[in-house]
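Working notes, beginning with the structure itself.
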Amino acid sequence: MENIIGIMGAMPQEINGIITLIQNPLEVTIGRRIYTHGTINGTRVVLVFSRWGKVAAAATAATLINEFKVSRIIFMGVAGGIAPELNIGDVVVASRLIQHDMDARPLMEQFQIPLLGKKFLDADAVFNAKVHNSIERLIKRYAVPGYSPKVIVGDIASGDRFFATAAEKQELLTKLPTIQCVEMEGAAVAQVCYEHDVPVTVVRIISDTADEQSPADFMQFIETVASTFSAKIIEALFLSE
């Protein structure tokens, strides 16, 4: 299989900087989404703005796999920090992903995906190590204005809900104490990739701390940092390939 990497982001700000890295870009529109394909440092890529939420992300991932025949998917974006040691600007590379709003009780356990019999879906550990090392090298030489980021590998929870109170965050931590951050797409993409035997990597930059200050922090971070930082991460990863 030819090595073609699908790159996704749920907001234009998360991918706009990455578009500038693509050589010989060509655009294809499918399902109201623009897929830009070309190369980054000699590797074929397909970049797409998926839109928010699990349904939008799953549909986009399926198109990348079935129409563009990608051999792996990387999801880049922002997330709300759940673990108390995370700060705005930190980066989480998903080791496992779970849908925090999946609940088919009493038919099965909370968080279990129907028919798959799984709660957590594993990301690609080998590729994750490359991503982690690339980001660590990046943050040593690239200054993120106003932030001192660190990078960790840990569990990420996804669901169609924006966390904006400390009480919501604590409730999630009580049920899922290993969760590092929350977002709206990663676990859905991971499920599609699992069912198609395509490896997945999810990288999330912490934009807010999932509390009462989150709406203001989120918008400021998206507008001032997210696009540039996401592009720098992808650039660092592809230069290390």
Side-chain angles (χ1 to χ4, degrees), residues 1-79 91 93-94 97 121-132 134-135 138 156 158 183-205 222 226-241:
M1 178 186 292
E2 185 178 2
N3 185 36
I4 306 173
I5 298 181
I7 306 173
M8 299 174 59
M11 290 181 287
Q13 296 93 330
E14 294 170 336
I15 68 164
N16 286 344
I18 301 172
I19 291 175
T20 65
L21 302 175
I22 298 178
Q23 294 94 42
N24 303 312
L26 293 172
E27 294 183 351
V28 177
T29 300
I30 301 174
R32 300 188 181 184
R33 287 155 179 74
I34 298 173
Y35 295 80
T36 303
H37 58 99
T39 60
I40 300 178
N41 196 35
T43 299
R44 288 189 62 190
V45 300
V46 184
L47 175 68
V48 59
F49 157 44
S50 69
R51 307 184 184 191
W52 288 28
K54 293 193 300 177
V55 173
T60 307
T63 300
L64 283 172
I65 293 168
N66 294 318
E67 296 292 332
F68 294 95
K69 311 301 180 186
V70 299
S71 50
R72 76 169 59 250
I73 289 178
I74 302 172
F75 198 108
M76 288 293 310
V78 297
V91 183
V93 181
L97 297 114
L121 294 163
D122 295 326
D124 182 351
V126 174
F127 194 73
N128 271 4
K130 288 185 178 181
V131 174
H132 181 272
S134 295
I135 299 172
L138 171 66
I156 294 179
S158 308
E183 36 90 308
M184 295 185 178
E185 297 85 22
V189 174
Q191 182 174 339
V192 173
C193 287
Y194 174 81
E195 295 183 4
H196 287 82
D197 296 316
V198 171
V200 65
T201 295
V202 176
V203 180
R204 292 291 185 171
I205 307 166
I222 282 291
S227 182
T228 301
F229 199 11
S230 293
K232 289 289 185 183
I233 290 172
I234 289 294
E235 184 178 33
L237 174 61
F238 279 78
L239 288 176
S240 69
E241 283 288 285

Between E195 (side chain only) and C193 (backbone N and O only), is there a donor and an acceptor less than 3.5 Å apart? no
Could you measure the distance from the CD1 atom of I135 to the CG atom of N128? Nearest 0.5 Å is fine. 9.0 Å
Determine whether L237 and I74 make a side-chain contact, defined as any pair of heavy atoms from C-beta on separated by less than 4.5 Å. yes
Distance, nearest 0.5 Å, that separates CD1 of I30 from CD of E67: 4.5 Å
Hey, mind stepping through N3 and S71 against side chain to side chain donor-acceptor pair (under 3.5 Å) and telling me if it holds? CA-CA 6 Å; N3 185 36; S71 50; 3.1 Å; yes
Let me confirm one number: the CG-CD1 distance from D197 to I65, rounded to the nearest 0.5 Å. 9.5 Å
Is the shortest side-chain heavy-atom distance between K130 and T201 below 4.5 Å? no
Checking side-chain polar atoms at under 3.5 Å, does R33 have a donor or acceptor matched by the opposite partner on T60? yes
Measuring only between side-chain heavy atoms, which start at C-beta, is T39 closer than 4.5 Å to F238? no
Nearest 0.5 Å, please: how far is CD1 in I205 from CD in E14? 8.0 Å
V45 versus I22: any side-chain heavy-atom pair under 4.5 Å? yes
Answer yes or no: is there a side-chain heavy-atom contact under 4.5 Å between H196 and N66? yes
If you measure only the distance, is there a donor-acceptor pair under 3.5 Å linking the side chains of S158 and E183? yes
From F68 CZ over to I73 CD1, what is the distance, rounded to the nearest 0.5 angstrom? 11.5 Å
Can you confirm whether R204 sits close enough to E185 that some side-chain heavy atom of one is under 4.5 Å from a side-chain heavy atom of the other? yes
I234 CD1 to I18 CD1 distance, which is reported to the nearest 0.5 Å: 4.5 Å
